[in-house]
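None of the values given here were measured: they were computed from a predicted structure. Below, chains carry the letters A, B, ... as their sequence lines are ordered, and counting in each starts from 1.
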2 protein chains.
Amino acid sequence: MKVEKISELTTNRLSVYLRCLNELSAKGIKTVSSDDLAKRFHLNSAQIRKDLAYFGEFGVRGVGYYVDNLRQDLTKILGLDKPHNVGIIGAGRMGTALADYYEYSQTNFSVVALFDTDKAKVGQKVGNVKIHDIKKFEELVKKEEIDVAVIAVPAQYAQDILEMVVKVGIKAIMNFAPIPLKAEENIKIRTVDLTISLESLSYFLAQPTGENGKIMKPIAKNRRIKKK
Amino acid sequence: MKVEKISELTTNRLSVYLRCLNELSAKGIKTVSSDDLAKRFHLNSAQIRKDLAYFGEFGVRGVGYYVDNLRQDLTKILGLDKPHNVGIIGAGRMGTALADYYEYSQTNFSVVALFDTDKAKVGQKVGNVKIHDIKKFEELVKKEEIDVAVIAVPAQYAQDILEMVVKVGIKAIMNFAPIPLKAEENIKIRTVDLTISLESLSYFLAQPTGENGKIMKPIAKNRRIKKK
DNA sequence: CAATACTGTTTCAAGTGTGAAACAATTTTT
DNA sequence: AAAAATTGTTTCACACTTGAAACAGTATTG
């Protein structure tokens with residue numbers, strides 16, 4: 001087993017493997033080889049073995065992996081055996097949508113509070129989740145044991161909110177504001193930028209494509225700015 | 001100017017640059033150098049110039065870039081000068097949240113239709129967007145000139161939906177189902193997997209961290225499965 | 001005209017990720 | 001006991017991205 005740094009790509013794949021195993025388990029399949037797993041879900045068997053090897057020896061040579069055992073192992077590695085409490089900052093469209101979405105997806109993540117500055121929103125509820133004044137953030141983080149923050153505020157406030165969140169001791173943050181945020185090294189930020197995603201699709205549509213479907217080349221040269 | 005393939009990372013950055021320029025423009029700033037831009041938004045000036053160079057010469061040596069000109073150029077490169085019509089498949093929590101979110105974000109993407117199989121939902125509206133029977137997908141794609149599809153259905157249906165979408169001629173797809181989808185090369189799929197994002201945060205929280213904040217090493221070895 | 005500023009472009013080194021291949025070790029099957 | 005299956009592990013080649021450095025070319029400034 002290696003003891004080096006684990007790439008985020010590796011842990012992302014663990015997430016995928018876990019889901020595949022859950023599916024297999026639901027089908028009543030007890031054991032699976034890396035080859036089998038790779039073929040079923042369009043993965044790479046060597047990569048599966050390599051990824052798992054970072055964390056220990058989970059398989060049985062000559063047999064493969066016991067589905068339920070590996071599920072448990074991955075669940076533990078990913079920290080999904082313990083519940084997490086999520087606070088969402090920004091009770092706008094994005095924030096409330098996320099609250100709604102996560103509340104009803106059966107995971108070990110519970111949305112326990114929404115926060116906003118808008119007095120009109122404070123006190124209201126989204127599903128079972130109450131909207132609090134952002135001033136009470138620290139208080140509620142402690143009371144509700146929030147360990148994950150979701151930032152869903154307009155871009156211009158996002159960095160300030162991040163700093164507030166970090167100051168209170170939160171280490172894991174999901175950012176939906178369309179702006180890259182900066183924090184110390186021991187803070188983990190995942191930014192999901194729906195605007196970039198859409199714009200990248202737009203770019204794709206705007207480009208001329210060749211027979212093979214590949215984007216061929218950008219627009220013409222000699223587009224010079226005239227002197228004013 | 002180069003005429004090679006453009007990496008998605010490059011076009012993602014173009015998206016970011018455009019936003020930065022919009023901000024500068026709003027502040028009334030007329031010109032900006034790559035260095036200036038890099039410092040303001042924590043980017044890399046060499047990278048900015050390199051990225052732009054793929055598409056032409058937009059700057060003025062000795063001066064920098066004219067903010068509004070470059071905005072227009074990037075807008076055009078990204079295909080954001082033309083409107084796009086979006087159809088969202090799956091009127092569940094995710095689908096309706098996205099419809100709501102995109103409807104009120106001022107972009108050139110308009111959500112023109114939602115689709116679902118649930119008869120109870122068909123005919124209802126989310127904001128100004130009507131929910132249609134999925135059987136009418138092809139018809140509406142033509143009528144409403146939908147060129148971007150958003151897949152927001154449960155994982156097990158996602159691949160089938162994708163194939164239906166592709167068959168109708170849609171080339172740009174955003175996938176929110178937590179499963180990687182496969183399509184031909186000339187189809188562009190962007191998957192946004194909120195589950196993986198959260199689970200990656202969970203992994204981070206579960207790991208022991210050293211003084212430097214770096215994740216130190218995985219769990220212990222010698223976790224062998226006993227023979228049954 | 002000279003100095004300055006800044007882009008456009010190339011080159012290089014470093015780091016990272018991927019996929020294939022190979023093979024010893026171990027277990028099951030025959 | 002031999003054959004087959006499959007993991008755990010290493011190694012290698014390839015591709016991609018980044019960031020730095022260097023420098024010619026072009027515009028502005030003094």
Side-chain angles (χ1 to χ4, degrees), chain A residues 1-14 16-17 30-40 42-67 69-70 73 180 214 218-228, chain B residues 1-14 16-17 21 29-40 42-67 69-70 73-74 180 214 218 220-228:
Chain A
M1 185 184 67
K2 300 160 189 174
V3 278
E4 312 145 34
K5 59 188 177 333
I6 309 291
S7 139
E8 188 155 292
L9 296 172
T10 298
T11 60
N12 286 352
R13 283 191 297 267
L14 292 188
V16 173
Y17 302 155
K30 298 297 180 198
T31 66
V32 69
S33 71
S34 59
D35 245 33
D36 191 9
L37 198 59
K39 278 188 190 115
R40 282 172 188 267
H42 300 87
L43 306 169
N44 179 297
S45 67
Q47 184 137 63
I48 293 174
R49 295 204 301 279
K50 230 189 270 179
D51 286 337
L52 294 178
Y54 282 115
F55 298 93
E57 301 184 4
F58 304 105
V60 182
R61 294 167 204 227
V63 177
Y65 301 91
Y66 290 108
V67 172
N69 283 350
L70 189 54
D73 288 327
K214 286 236 166 89
I219 59 178
K221 198 173 168 157
N222 293 331
R223 235 215 97 284
R224 286 313 197 74
I225 292 172
K226 307 295 179 302
K227 184 174 163 179
K228 274 247 175 80
Chain B
M1 186 185 66
K2 300 159 191 177
V3 277
E4 313 146 35
K5 62 190 178 326
I6 310 290
S7 137
E8 186 155 293
L9 295 172
T10 299
T11 59
N12 286 352
R13 281 192 296 268
L14 293 188
V16 173
Y17 302 155
L21 291 166
I29 293 166
K30 298 296 180 199
T31 66
V32 69
S33 70
S34 58
D35 246 32
D36 193 9
L37 197 58
K39 277 187 190 116
R40 282 171 188 268
H42 301 87
L43 307 169
N44 179 299
S45 66
Q47 184 136 63
I48 293 174
R49 296 204 301 279
K50 229 190 272 181
D51 285 338
L52 294 177
Y54 281 115
F55 298 93
E57 302 183 5
F58 305 105
V60 183
R61 297 167 204 229
V63 177
Y65 302 91
Y66 290 109
V67 172
N69 284 349
L70 189 53
D73 289 326
L74 289 183
K214 287 239 165 85
K221 196 176 170 157
N222 293 329
R223 233 215 97 282
R224 286 313 196 73
I225 291 170
K226 308 296 178 300
K227 184 175 163 182
K228 276 247 174 81

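- You'll find a donor-acceptor pair under 3.5 Å spanning the side chain of B:Lys50 and the base of D:dG19, going by distance alone.
- Look at CZ on B:Phe58: it is 8 Å from P on C:dG8, rounded to the nearest Å.
- Atom P of nucleotide C:dT7 and atom CD1 of B:Ile48 are separated by 9 Å, given to the nearest angstrom.
- The side chain of B:Asn44 places an N or O atom within less than 4.0 Å of a non-bridging phosphate oxygen (OP1 or OP2) of D:dA20.
- OP1 or OP2 of C:dT7 sits under 4.0 Å from a side-chain N or O of B:Ser34.
- Minimum atom distance to the side chain of B:Ser33 is reached by C:dT7, of the listed C:dG19, C:dT7, D:dG19.
- Heavy atoms only, all atoms of each residue included: B:Ala38 and B:Ile48 are closest at N-CD1, 4.0 Å.
- A sub-4.0 Å separation between OP1 or OP2 of D:dC23 and a side-chain N or O of B:Arg49 is absent.
- Positionally, the nearest nucleotide of DNA chain C for A:Leu9 lies more toward the 5' end than for the other of A:Leu9 and A:Ala46.
- Listed nucleotides D:dT28, C:dT28, D:dT9 differ in distance to A:Ala53; the shortest reach to its side chain belongs to D:dT9.
- Here C:dT16 presents its P atom at 17 Å from CG of A:Asn12, a figure rounded to the nearest Å.
- Within the structure, a side-chain polar atom (N or O) of B:Ser7 is placed less than 4.0 Å from OP1 or OP2 of D:dT17.
- In this structure, CG of A:Leu52 is placed 16 Å from P of D:dT6, rounded to the nearest angstrom.
- Between A:Tyr65 and the phosphate of D:dG8, there is a side-chain N or O to OP1/OP2 separation shorter than 4.0 Å.
- Distance check, rounded to the nearest 0.5 Å: CZ of B:Phe58 to CZ of B:Arg49 gives 15.0 Å.
- A:Leu70 has its CG atom 16 Å from the P atom of D:dT6, to the nearest Å.
- In this entry the distance linking CG of A:Asp35 with P of D:dA5 reads 11 Å, nearest Å.
- A:Phe55 has its CZ atom 14 Å from the P atom of D:dG8, to the nearest Å.
- Interatomic distance, CG of B:Asn69 versus CG of B:Leu21, reported as 10.5 Å (0.5 Å rounding).
- Between A:Gln47 and B:Val32, it is B:Val32 whose nearest contact on DNA chain C lies nearer the 5' terminus.
- Nearest heavy atom pair, residue A:Thr10 against residue A:Asp51, reads CG2-OD1, 3.4 Å.
- Regarding A:Asp51, its CG atom lies at a distance of 11 Å from the P atom of C:dG19, rounded to whole Å.
- For the atom pair CG of A:Leu14 and CZ of A:Phe55, the computed distance is 5.0 Å after rounding to the nearest 0.5 Å.
- The side chain of B:Arg61 has D:dT26 as its nearest neighbour among C:dA20, D:dT26, C:dA24.
- In this structure, A:Arg13 reaches the C:dT18 phosphate: one of its side-chain N or O atoms is under 4.0 Å from OP1 or OP2.
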